Number of protein chains: 2
Amino acid sequence: VFQAYYQLEARGWIEARERSGYFVRAPRRAAGRSETSPRIHLLQGGDSDLVMEVLERTSRRDVVPFASPFPNPRLFPLEQIGRVMAEAARGLSPAQTVDGLVGGKEALRQAIAVRYLQRGVTVSPDEIVITNGALEALNLSLASVAAPGDAVVIESPGFYGAKQALHRLGMRAVEVPVHPVDGIDLQRLDEAIIRSGAVACWLMPSHQNPLGISLGDAKKRELVEMVTRRGVALIEDDVYGEMSFDHQPSRPAKAWDRAGVVLHCSSFSKCLAPGYRVGWVAAGVNASAVSRMKLNTTLMSTMPGQLGLARYLDQGSYARHLRKLQHGLAAQATAYMRAVQEFFPAGTRMQPPTGGYFVWLRLPEEVDAVDLYRRALAQGISIAPGPMFSNAALHRSCVRINFSIDLDARALNALRVVGALATAMQRTAAARQIGSVY
Amino acid sequence: VFQAYYQLEARGWIEARERSGYFVRAPRRAAGRSETSPRIHLLQGGDSDLVMEVLERTSRRDVVPFASPFPNPRLFPLEQIGRVMAEAARGLSPAQTVDGLVGGKEALRQAIAVRYLQRGVTVSPDEIVITNGALEALNLSLASVAAPGDAVVIESPGFYGAKQALHRLGMRAVEVPVHPVDGIDLQRLDEAIIRSGAVACWLMPSHQNPLGISLGDAKKRELVEMVTRRGVALIEDDVYGEMSFDHQPSRPAKAWDRAGVVLHCSSFSKCLAPGYRVGWVAAGVNASAVSRMKLNTTLMSTMPGQLGLARYLDQGSYARHLRKLQHGLAAQATAYMRAVQEFFPAGTRMQPPTGGYFVWLRLPEEVDAVDLYRRALAQGISIAPGPMFSNAALHRSCVRINFSIDLDARALNALRVVGALATAMQRTAAARQIGSVY
């Protein structure tokens, strides 16, 4: 996929700028925005309604769902998964329905531990707790390591679920900016931890949502060393960890966790079996606390689903599926970036994603992304506006696009429509500015 | 089943006493204990370790699991369920993996609404939220209607999950005693609500856990009228609602809910499909709050499981299965009560369960149930001691027995062993008393 970016660059469609990502080629606005101004403030929780609204509208069938948080379900071997699930369901013995209550099914935890080893990470099955998808893994992890009133570091922009969880549990959100090219600044993160007295960080070091970027191995190691030094738990959201566009599978920060302070959360929902709701956390020293909280809140995860996935992982076709998935998504990323280059206003910036299925568009600052979202929705297209991912004014002109959606004629036209709306908004704003001067 | 009780009574094995239940026949201790002393205090949460310990030990394969919270999984049509699940899994379309995100699969919510109608309750599919079993339904309901610091009424003795949830969410537990024959006293409940300023009640009006008793229809209606009058939400735990030993299916308190203040929680885990983790709440006016919290914490419930159960309910064999289940459990209840009558010390009291699979034994007060639990465990038998279900000293000599366990030679012998241990403990205590007098 980087080859494709290089081609786009060679053809003059995009240009690379150091520490800034790829730009759609056009005169850049003089008033560049700083993406790294430190920003530490309490959560307002005010945009939770926007998140709900966008998700709800996006799920309507007549809408082109660029705002969707889900991968295109056509990317998965649903028939094959269905077959092993069917076998697991038919073969479910009475004892199996309640066996593996604490922590989850042993067979699945072992299969997950094997998969960790294949990614170069040593994790004991004993520290793995099976959950209802990664979202429960993250929520249980948070509730296990922090109490109401505690400060917790989250990313800006970042996964809205983190803000919602902190709000729900009465914790204080400390937003640390994530640079759209370089990722989180560890120096700033360290300062934020010290200044706020945070007890935990909830971060996405790989294929960050919504930015689509990753930290390098050295920075991941440094991150783990830092939180260990500060006595802070690291909740690592790694749901796109298996969807790297690199030749090597990406290693999570958990790979460098000697002290057991990293709670590595992931699931099969994004990369293999959407809708089955099987996820997990490798919780290190917090494993028994997480396991107990799981017992107290949702008891256990679906047994046939756990057994079916354990069976699938044993068959050995997972690696092949992942390769196909990664290639498919990388190709889609390129196609989407080309379409954005063609249709979106000059000055729109983006950074090639390292994996996952989101690309983050930074539109000219005259374009209000929530306004753009509403105008696009009126035309049957949903996009995810920046304010879903942060309270920071910084992201008001940003948009997250799910590029796993098939780029057929309808979707291509939808991108064209959104691009035209954004261009029109930019022009109107510019005209208004001129008008106000004369 | 009541016929069987009458037979036992006719044969002189048990005797009925008004408002007190059935007694194993023997001279009753003069110092009768009052079961209805009002008791309102803050939750200590101190016996949470005991709950975890008992559940963990009970799940070991070499233990006779009378303490188990689960129904004997052999009571279920696992093969038939497995077949419809298999069809659902194999036929899962890409769109279905993410469809029905808010509230759950429409087909299942409709099937559940039909089942409500068959029980004489009108519930709209729109107020139903599908959850990961009843435990999640109860937890989401609680978090939706009460905030940290709020007072919430729970039952004593009652489901330990309620206490754990209140503790976890920083709410104040107001324990109201439940009479082992008559159930909760509404006058006392009303007083407790007024005195504590409670915002919600978490109760089990049918087949109460651990007592196994139910309120009558009139009392259920009165209960709903009372909470409506007081502006208090009623979280109705009705997981054994489909397992009534009466000819008529029992109606939940929800049947009399005009104002939408009842959050009726149930699941298929106890009566049809253990291990699948599909439950729901009919949440009335709180439906959208519950639905949103579900989205924020575990997103959605397993899709193939939801579709499989919707398919099973459509086939029409559910009613037949339930009848068989009810008859089987009622017969087991009788067999267990006979065995208790035979093996347990004189003065042991019990009340015939109205449904479900628990019977509550009130042993002579010299018998410490936690002590008995430990002695029985040393012999490979687990029983659930009263302190798991209440902080009240009142229940220190009580034990909950799961009578869905097959009463084969091994289980029968296990009951004999527990009975002998209890008898020995009573004698030792009596001898010690005599010793202390002389």
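From a predicted model like this one, the values you see are computed outputs, not experimental measurements. So that the names make sense, note that chain A is the first sequence line, chain B the second, and so on, each numbered from 1.
With sequence neighbours left out, the side-chain contact (heavy atoms from CB on, under 4.5 Å) criterion links B:Leu313 to B:Leu108, B:Ala111, B:Phe268, B:Tyr318.
Looking at A:Leu101, only its side chain comes within 4.5 Å of chain B, counting heavy atoms on both sides. B:Leu75 does not touch chain A: none of its heavy atoms, backbone or side chain, sits under 4.5 Å away. Using a 4.5 Å cut-off between heavy atoms, A:Leu138 makes no contact with chain B at all.
When all heavy atoms of A:Leu295 and B:Leu135 are compared, the pair lying nearest together is O-CD2, 3.2 Å. Between B:Gly275 and A:Pro304, the closest heavy-atom pair is O-CD, 3.6 Å. Considering every non-hydrogen atom in both B:Ala86 and A:Ala86, the closest pair reads CB-CB, 3.3 Å.
By the 4.5 Å heavy-atom criterion applied to side chains, A:Leu92 and B:Met85 are not counted as neighbours.
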Check chain A and chain B for donor-acceptor pairs under 3.5 Å and report each one on its own line.
unit_1   : atom_1 : unit_2   : atom_2 : d
A:Asp49  : OD1    : B:Arg292 : NH1    : 3.2
A:Asp49  : OD1    : B:Arg292 : NH2    : 3.3
A:Arg61  : NH2    : B:Asp99  : OD2    : 2.9
A:Asp99  : OD2    : B:Arg61  : NH2    : 2.9
A:Glu136 : N      : B:Thr297 : O      : 3.4
A:Asn139 : ND2    : B:Asn296 : O      : 3.2
A:Asn139 : ND2    : B:Thr297 : O      : 3.3
A:Gly275 : O      : B:Met303 : N      : 2.7
A:Tyr276 : O      : B:Thr302 : OG1    : 3.3
A:Arg277 : NE     : B:Met300 : O      : 3.2
A:Arg277 : NH2    : B:Thr298 : O      : 3.2
A:Arg292 : NH1    : B:Asp49  : OD1    : 3.3
A:Arg292 : NH2    : B:Asp49  : OD1    : 3.4
A:Asn296 : O      : B:Asn139 : ND2    : 3.2
A:Thr297 : O      : B:Glu136 : N      : 3.4
A:Thr297 : O      : B:Asn139 : ND2    : 3.3
A:Thr298 : O      : B:Arg277 : NH2    : 3.2
A:Met300 : O      : B:Arg277 : NE     : 3.2
A:Thr302 : OG1    : B:Tyr276 : O      : 3.3
A:Met303 : N      : B:Gly275 : O      : 2.7

